[in-house]
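So the structure is just underneath, and the comments pick up after that.
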Amino acid sequence: MGGGREVLSVYRSLLRATRKSFSGDKLMLTESAIEVRTKFEQNRNVTSEAEIKKLLDEARDASNFISNMIVQAKLNPSGGGYVIKPGKEHAGATLEIPSEEILRKSS
């Protein structure tokens, strides 16, 4: 297995996915980064090749899910309310409501 380099690559990919999906929402960016870090730290001492492969596959799936299945609504600057602008990669995506921090700023 690719060892540490592969783990680092998957870790960075997951962080990139959260930054893209939650851009502009500091609370969600912070919380998701903490969650990703915690999950990787919890499994730092796993040595079984099969378990490492399973964990990396799960992390890749999570990265794909965040990138392709979550669309965060953005405040519409020209008239209030929220708009959703899914890209081609978001076919079948679910709506992610902005965090309370964003909602408070907009009122």
Side-chain angles (χ1 to χ4, degrees):
M1 174 155 272
R5 193 174 304 153
E6 185 175 8
V7 170
L8 189 57
S9 172
V10 172
Y11 176 75
R12 287 179 175 154
S13 173
L14 200 43
L15 287 179
R16 273 194 304 275
T18 61
R19 282 196 300 266
K20 178 181 171 215
S21 291
F22 303 124
S23 70
D25 188 338
K26 280 185 0 190
L27 181 62
M28 283 298 289
L29 286 169
T30 302
E31 294 296 321
S32 61
I34 290 169
E35 181 69 16
V36 169
R37 175 86 186 214
T38 300
K39 293 289 186 196
F40 275 77
E41 289 289 340
Q42 286 171 349
N43 296 297
R44 179 183 284 275
N45 297 318
V46 172
T47 55
S48 158
E49 290 278 329
E51 186 65 16
I52 290 170
K53 182 184 182 324
K54 179 177 161 256
L55 289 166
L56 288 175
D57 286 345
E58 288 173 1
R60 284 187 195 97
D61 288 347
S63 180
N64 286 333
F65 181 84
I66 292 166
S67 294
N68 300 318
M69 298 305 289
I70 295 177
V71 181
Q72 190 174 58
K74 305 263 190 253
L75 183 62
N76 182 353
S78 63
Y82 287 87
V83 292
I84 303 169
K85 294 186 179 174
K88 288 181 293 201
E89 72 275 14
H90 294 119
T94 59
L95 169 64
E96 174 64 30
I97 302 299
S99 72
E100 290 297 317
E101 177 191 44
I102 295 290
L103 294 175
R104 277 195 304 275
K105 283 182 184 173
S106 67
S107 22

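Partners of Ser13 under the side-chain hydrogen bond (donor to acceptor under 3.5 Å, both in side chains) rule, at least two apart in sequence or in another chain, are Ser63.
Remark: the backbone N or O of Leu29 is paired with a side-chain donor or acceptor of Ser32 at under 3.5 angstrom. Here the side chain of Ser67 pairs no donor or acceptor atom with the backbone of Asn64 at under 3.5 angstrom.
Separation of atoms CZ (Arg60) and CG (Leu55) is listed at 11.0 Å; rounding is to 0.5 Å. We find the OH-CD distance between Tyr11 and Glu41 to be 7.5 Å, quoted to the nearest 0.5 Å. Considering CG of Leu56 and CG of Leu14, their distance stands at 11.0 Å, rounded to 0.5 Å.
Pairs passing the ring pair (Phe, Tyr, Trp, His ring centres under 6.0 Å) check and including a residue from residues 43-62, sequence neighbours excluded, do not occur. Judged as a salt bridge (Lys or Arg N to Asp or Glu O under 4.0 Å), not a single pair has a partner in residues 9-19 (not counting sequence neighbours).
At a threshold of 4.0 Å, the pair Glu49-Lys53 does not count as salt-bridged, since none of the basic side-chain nitrogens sits closer than that to a carboxylate oxygen. Salt-bridge formation is not detected for the pair Lys54/Asp57: no Lys NZ or Arg NE/NH1/NH2 atom is positioned less than 4.0 Å from an Asp or Glu carboxylate oxygen.
The shortest heavy-atom contact between Ile66 and Ala17 is CG2-O, 3.5 Å.
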